[in-house]
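Residue numbers start from 1 in every chain, and the chains themselves are labelled A, B, ... in the order their sequence lines are given, proteins ahead of strands. Note that the structure is predicted; figures quoted are calculated from it, not measured.
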Number of protein chains: 2
Amino acid sequence: MFSKSTEYALRATIYIAQKSSEQNKLGINAIAAAIDSPLSFTAKIMQLLSRGNRVVSSVRGPNGGFFMTEKAMKLPVRSVLDQMGEDEVLEKCILGLNKCSESKPCPMHAEYRQIKLDMIRLFETKTIEQLAADLKEGEVYIGNKNK
Amino acid sequence: MFSKSTEYALRATIYIAQKSSEQNKLGINAIAAAIDSPLSFTAKIMQLLSRGNRVVSSVRGPNGGFFMTEKAMKLPVRSVLDQMGEDEVLEKCILGLNKCSESKPCPMHAEYRQIKLDMIRLFETKTIEQLAADLKEGEVYIGNKNK
DNA sequence: CTAATTAAAGATAAATTTATCTTTAATTAG
DNA sequence: CTAATTAAAGATAAATTTATCTTTAATTAG
Ligand code: FES
Ligand code: FES
């Protein structure tokens, strides 16, 4: 479905939303360890994810790190896709035609249509904050280690 | 969602199902032109797709080419994924955890669960033949050119 | 101001996917 | 049997994605 970059970005965002605040920032080491992702690659992804401080915010220097504002946590999960430049990914034709449309549909379009709409609705209505809350409950996992 | 290889494989299969028969085989040129895919790459994909003659069948030499048996056309679309070695793709965790499961779910699992089941059901119940029938009606497109 | 700390930026590298091209094998028509 | 035709197999190459490493810039504590 998503690229590794986007997967890590989603996991990192949810983790930061749950663990950090402007007073308590998270370093890249803590993030990569928690979401079980390659350190340097995750650092690269965090650059994209925090660019413009729209979704995740970052500060350099001692006591610096990554965090999210209360406002950013209320954004839909889709914002992470947008920030990563993957905003088209949910709209694509499942058979790879250049464009998914009602007027020139592929053979799977009619059946796939509702699934696609459900997917878009999920990403547009669910907020980062809501996912972070589930993580806080401890009933859900963000890495493979399940420490 | 799928790799380019799998997208071309799905499109090629549906096209072959609609246009070919054991008496009327399709050459690789005709297939690539119809589904609007790169010729040589498609040839490679057709090798995988026809290996074992499970989904698509192939015959070499004059009047050779690709075709599908009546029986193969009744297979679920999922068989194409299996044949391409992409049989795990529908089962994956949307956040990229090693394993999607009820016992160690990711933060999106609960909401994604139904979408995933819908997707699996679509690929397991819809047959290649059914998709080909829609294509025959001309209400549906398998390439970008829409000739 | 200086040293320490942290992310940003940039340069590469490794791995994978996508794509192309050439040679071989099978099959058929004549 | 021979020539023609077609896919299979194999060797590369190009492009993209994933990953790593080094240098730079920002920021803070002292
Ligand atoms: S056109 Fe293929 S999914 Fe909509
Ligand atoms: S565990 Fe992530 S989708 Fe099931």
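Counting only residues at least two apart or in different chains, salt bridge (charged side-chain N to carboxylate O under 4.0 Å, His left out) contacts with residues 101-114 of chain A comprise A:Glu102-A:Arg113, A:Glu111-B:Lys126. Applying the ring-ring contact (aromatic ring centres under 6.0 Å, His included) test to residues at least two apart or on different chains, the pairs with a partner in residues 13-46 of chain B are B:Tyr8-B:Phe41. Residues in residues 28-43 of chain A take part in these salt bridge (charged side-chain N to carboxylate O under 4.0 Å, His left out) pairs, two or more places apart or across chains: A:Asp36-A:Lys145. Evaluation of the ring-ring contact (aromatic ring centres under 6.0 Å, His included) test over residues 88-121 of chain A, restricted to residues two or more places apart or in two chains, returns none. Applying the salt bridge (charged side-chain N to carboxylate O under 4.0 Å, His left out) test to every pair with at least one member in residues 7-21 of chain B, sequence neighbours left out, gives these pairs: B:Lys4-B:Glu7. Every pair passing salt bridge (charged side-chain N to carboxylate O under 4.0 Å, His left out) that includes a residue from residues 83-99 of chain A is listed here, sequence neighbours excluded: A:Arg78-A:Glu91.
At whole-Å resolution of the value, CD1 in B:Ile45 and P in D:dA9 are 16 Å apart. Note: CG (A:Leu48) to P (C:dA7) measures 15 Å, nearest angstrom. Summarising the geometry, the separation between CG on B:Asn29 and C1' on D:dT6 is reported as 10 Å, rounded to the nearest angstrom. What separates CG of A:Leu49 from P of C:dA9 is a distance of 14 Å, to the nearest Å.
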Which nucleotides of DNA chain D pair, in dot-bracket form (Watson-Crick or G-U under 3.5 Å, | meaning another strand) | ||||||||||||||||||||||||||||||
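Between the side chain of A:Gln47 and the base of C:dA9, at least one donor-acceptor pair of N or O atoms lies under 3.5 Å.
Annotation: side chain of B:Ile128 is in contact with side chain of B:Val55 (closest heavy-atom distance under 4.5 Å). A 4.5 Å side-chain heavy-atom check between A:Ile142 and A:Ile14 finds at least one atom pair inside the cut-off.
Looking at A:Ser20, its side chain does come within 3.5 Å of a backbone N or O of A:Ile16 through a donor-acceptor pair. A:Ser79 places no side-chain N or O within donor-acceptor distance of the main-chain N or O of A:Leu75, the cut-off being under 3.5 Å.
In this structure, the side-chain contact (heavy atoms from CB on, under 4.5 Å) partners of B:Ala32, at least two apart in sequence or on a different chain, are B:Ser37, B:Leu39, B:Thr42.
Among the protein residues, A:Leu26 comes within range of the sugar-phosphate backbone only, with heavy atoms under 4.0 Å from sugar or phosphate atoms but none that close to a base.
Near DNA chain D, meaning a heavy atom under 4.0 Å from it, residues 80-99 of chain A has no residue at all.
Distances shown here put a side-chain N or O of A:Ser50 below 4.0 Å from the OP1 or OP2 atom of C:dA8. The side chain of B:Ser58 places no N or O atom within less than 4.0 Å of a non-bridging phosphate oxygen (OP1 or OP2) of D:dT6.
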If the sugar-phosphate is the primed atoms plus P, OP1 and OP2 and the base is the rest, what is the B/S/- string for nucleotides 22-30 of chain C, using protein heavy atoms under 4.0 Å?
-> ---BBBBS-
Base-contact (B) and sugar-phosphate-only (S) positions in nucleotides 11-20 of chain C, heavy-atom cut-off under 4.0 Å, - elsewhere | B------SBB
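Nearest approach of B:Val140 to A:Cys106, heavy atoms of both residues: CG2-O, 3.5 Å.
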In residues 62-74 of chain B, what donor-acceptor pairs under 3.5 Å come from side-chain atoms, sequence neighbours left out?
{"unit_1": "B:Thr69", "atom_1": "OG1", "unit_2": "B:Ala72", "atom_2": "N", "d": "3.0"}
{"unit_1": "B:Lys74", "atom_1": "NZ", "unit_2": "B:Glu129", "atom_2": "OE1", "d": "3.2"}
{"unit_1": "B:Lys74", "atom_1": "NZ", "unit_2": "B:Glu129", "atom_2": "OE2", "d": "2.9"}

